[in-house]
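In listed order, ligands and their atoms are each counted from 1.
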Amino acid sequence: MRVLVTGAAGFIGSRVCATLTAAGHDVVGVDVMLAAAHGTSQPPDGVDALDVRDAVGVAAALEGVDVVCHQAAMVGAGVDASDAPAYGSHNDYGTTVLLAEMFAAGVQRLVLASSMVVYGQGRFACDEHGDVDPLPRTRQDLDAGVFEHRCPVGGEQLGWRLVGEDAPLRPRSLYAASKTAQEHYALAWAEATGGSVTALRYHNVYGPNMPRDTPYAGVAAIFRSVLERGGVPRVFEDGGQMRDFIHVDDIAAANAAAVEAELGGFAAFNVCSGQPVSILDVATALTRARDGSTPEVTGEYRSGDVRHIVADPARAAEVLGFRAAISPDDGLREFAFAPLRA
Ligand code: UD1
């Protein structure tokens with residue numbers, strides 16, 4: 001198939017292009033080459049400079065395309081409110097231009113890079129009261145080192161459960177708001193045009209050529225960058241925050257599965273390893289692999305951090321036949337020494 005990959009020069013998009021090409025697809029790669037991600041670099045071989053907000057350029061890139069694999073996005077959580085227009089413009093306005101041009105060109109299939117951040121936080125349950133919507137964590141609890149959410153009925157500390165795709169979407173950051181809106185535009189487009197959208201909700205992605213830590217980086221890039229500077233990762237809270245870390249090659253494999261699945265309508269999938277780990281586990285795996293030292297658990301906390309978010313991989317396995325091949329043990333050991341992008 002001829003596949004247009006947006007964000008093709010990025011950490012994830014470049015692996016998606018490589019995987020699709022290896023699978024025999026004819027890949028057209030475009031990337032806006034945002035200075036925040038690429039500095040002054042020129043697009044790599046096989047990638048054309050294109051902003052998805054440029055309708056004329058997008059129309060030309062769509063010629064003969066069967067599927068669009070939309071990876072281009074401004075990432076991170078947003079540093080402050082001044083980032084909002086950039087998220088809205090690149091992630092949402094850009095997607096609407098792409099969808100309009102796909103309609104005009106008769107391109108009916110979209111694979112959309114979405115994110116676990118659309119859920120806002122994970123699913124929680126109380127031993128006494130079952131599944132509950134947790135109370136927000138109080139400063140008093142956090143200062144006393146009580147990091148778990150409490151039950152809204154009896155105040156008991158809650159445990160985490162796997163999040164399925166039907167969980168409510170409750171974005172809590174600018175980035176999350178833009179990713180949720182992107183899914184909604186895509187869903188509306190699928191309903192109006194009869195097109196198909198496969199939204200892949202990536203969990204915590206890591207792997208070779210991940211960008212170094214920036215104010216927009218997630219924890220894997222921060223830990224890996226600290227180790228490179230000879231420092232020790234600083235683990236917030238008690239390190240018990242649970243996440244699902246997925247290797248970038250598995251993300252690329254999930255995209256290939258979605259491109260090849262030919263589903264109808266709108267469908268969303270968690271893309272995760274299915275092997276939850278704690279943030280302390282991640283820090284320990286990386287430090288151990290490098291020099292055998294131990295990370296520092298600081299007890300500090302950041303307001304707005306999510307305590308646990310752990311995904312259910314079942315739907316992606318059943319419908320797309322996607323199962324992650326790289327365990328966090330193997331992947332993080334490799335990542336401890338993998339190159340990072342400047
Ligand atoms: C992150 C991204 C989110 C992205 C998602 C999926 C940010 C801020 N969040 O969400 O945009 O879509 O992954 O890839 O970019 N922590 C430490 N030490 C540190 C930094 C963080 O212990 O130096 C802890 C935090 O307290 C938190 C956990 O690590 O509990 C994860 O932090 P982070 O990666 O920033 O956010 P996620 O919620 O996982």
Side-chain angles (χ1 to χ4, degrees), residues 7 10-12 36-37 71 73-80 83 87 91 112-122 137 142 145 147-149 160 163 169-180 182-183 199-207 210-229 231-248 250-251 254 270-273 276-287 294-311 324 328 331-332 335:
F11 161 53
I12 293 175
Q71 308 292 322
M74 183 167 148
V75 298
V79 173
D80 58 39
D83 279 333
Y87 283 108
N91 299 359
L112 178 66
S114 185
S115 169
M116 69 175 201
V117 296
V118 299
Y119 300 122
Q121 63 180 351
R137 300 189 291 174
L142 292 165
F147 296 113
E148 299 301 348
H149 281 280
W160 56 270
V163 181
L169 306 189
R170 292 176 174 167
R172 296 154 52 120
S173 69
L174 296 174
Y175 172 65
S178 75
K179 281 283 150 187
T180 307
Q182 205 181 26
E183 280 201 15
L200 302 177
R201 294 178 181 159
Y202 303 163
H203 284 253
N204 294 64
V205 187
Y206 69 95
M210 193 170 189
R212 265 169 220 285
D213 57 344
T214 68
Y216 300 90
V219 70
I222 293 173
F223 285 173
R224 178 63 188 75
S225 302
V226 155
L227 286 166
E228 187 141 300
R229 292 194 294 266
V232 169
R234 301 183 75 244
V235 176
F236 299 149
E237 305 186 13
D238 56 0
Q241 307 93 300
M242 295 300 290
R243 293 289 189 278
D244 188 310
F245 282 79
I246 175 158
H247 192 277
V248 67
D250 279 324
I251 293 284
N270 287 324
V271 180
C272 57
S273 73
V277 289
S278 72
I279 296 300
L280 180 57
D281 289 338
V282 173
T284 304
L286 292 172
T287 43
T294 39
E296 181 194 351
V297 180
T298 68
E300 290 163 42
Y301 58 87
R302 299 189 304 197
S303 69
D305 259 345
V306 169
R307 176 61 180 171
H308 306 297
I309 173 152
V310 182
L332 290 169
F335 182 58

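Residue-to-ligand polar distances keep E237 apart from ligand 1: every N/O pair is separated by 3.5 Å or more. Ligand 1 has no N or O atom lying under 3.5 Å from any N or O atom of I222, backbone or side chain. Polar contact check, Y202 against ligand 1: no nitrogen or oxygen pair lies under 3.5 Å apart. At least one N or O atom of V219, backbone or side chain, sits closer than 3.5 Å to an N or O atom of ligand 1.
Annotation: H247 is in aromatic contact with Y206 [ring centroid separation under 6.0 Å].
Residue contact check: M116 has heavy atoms under 4.0 Å from atoms 5 (C), 6 (C), 10 (O), 13 (O), 37 (P), 39 (O) of ligand 1. For ligand 1, the atoms lying closer than 4.0 Å to a non-hydrogen atom of V205 are 14 (O). Taking a cut-off of under 4.0 Å to the non-hydrogen atoms of S115, the atoms of ligand 1 that pass are 12 (O). Residue contact check: Y175 has heavy atoms under 4.0 Å from atoms 11 (O), 12 (O) of ligand 1. In the vicinity of V235, heavy-atom distances shorter than 4.0 Å reach the ligand 1 atoms 22 (O). Contact atoms of ligand 1 toward Q241: 24 (C), 26 (O), 30 (O) (distance under 4.0 Å to a heavy atom of the residue). In summary, the atoms of ligand 1 found under 4.0 Å from a heavy atom of H203, numbered by their order in the structure, are 6 (C), 14 (O). Proximity to G218 (heavy-atom distance under 4.0 Å) selects the following atoms of ligand 1: 15 (O), 34 (O).
Heavy atoms of other residues, nucleotides or ligands lying less than 6.0 angstrom from CZ of R212 number more than 12.
No donor-acceptor pair closer than 3.5 Å links the side chain of K179 to the backbone N or O of V75. A donor-acceptor contact shorter than 3.5 Å is absent between the side chain of E183 and the backbone of L112.
No side-chain N or O of Y301 forms a donor-acceptor pair with one of Q241 less than 3.5 Å apart.
The CZ atom of R137 sits 4.0 Å away from the CD atom of E237 when rounded to the nearest 0.5 Å.
In plain terms, the two heavy atoms of G122 and V306 that are nearest each other are N-CG1, 4.4 Å. What you find for M74 and N91 is that their closest heavy atoms are N-OD1, 2.8 Å.
For F223, the heavy-atom gap to ligand 1 drops under 4.0 angstrom.
The parts of N204 lying near ligand 1 are both backbone and side chain, judged by heavy-atom distances below 4.0 Å. The proximity of R302 to ligand 1, defined as any non-hydrogen pair under 4.0 Å, is limited to the side chain. Counting heavy atoms closer than 4.0 Å to ligand 1, residue V75 contributes nothing at all.
In this structure, V163 and R201 have side chains that are not in contact, with every pair of non-hydrogen atoms separated by 4.5 Å or more.
R307 has a carboxylate O that lies under 4.0 Å from a charged side-chain N of D238, or vice versa, which qualifies the two as a salt bridge.
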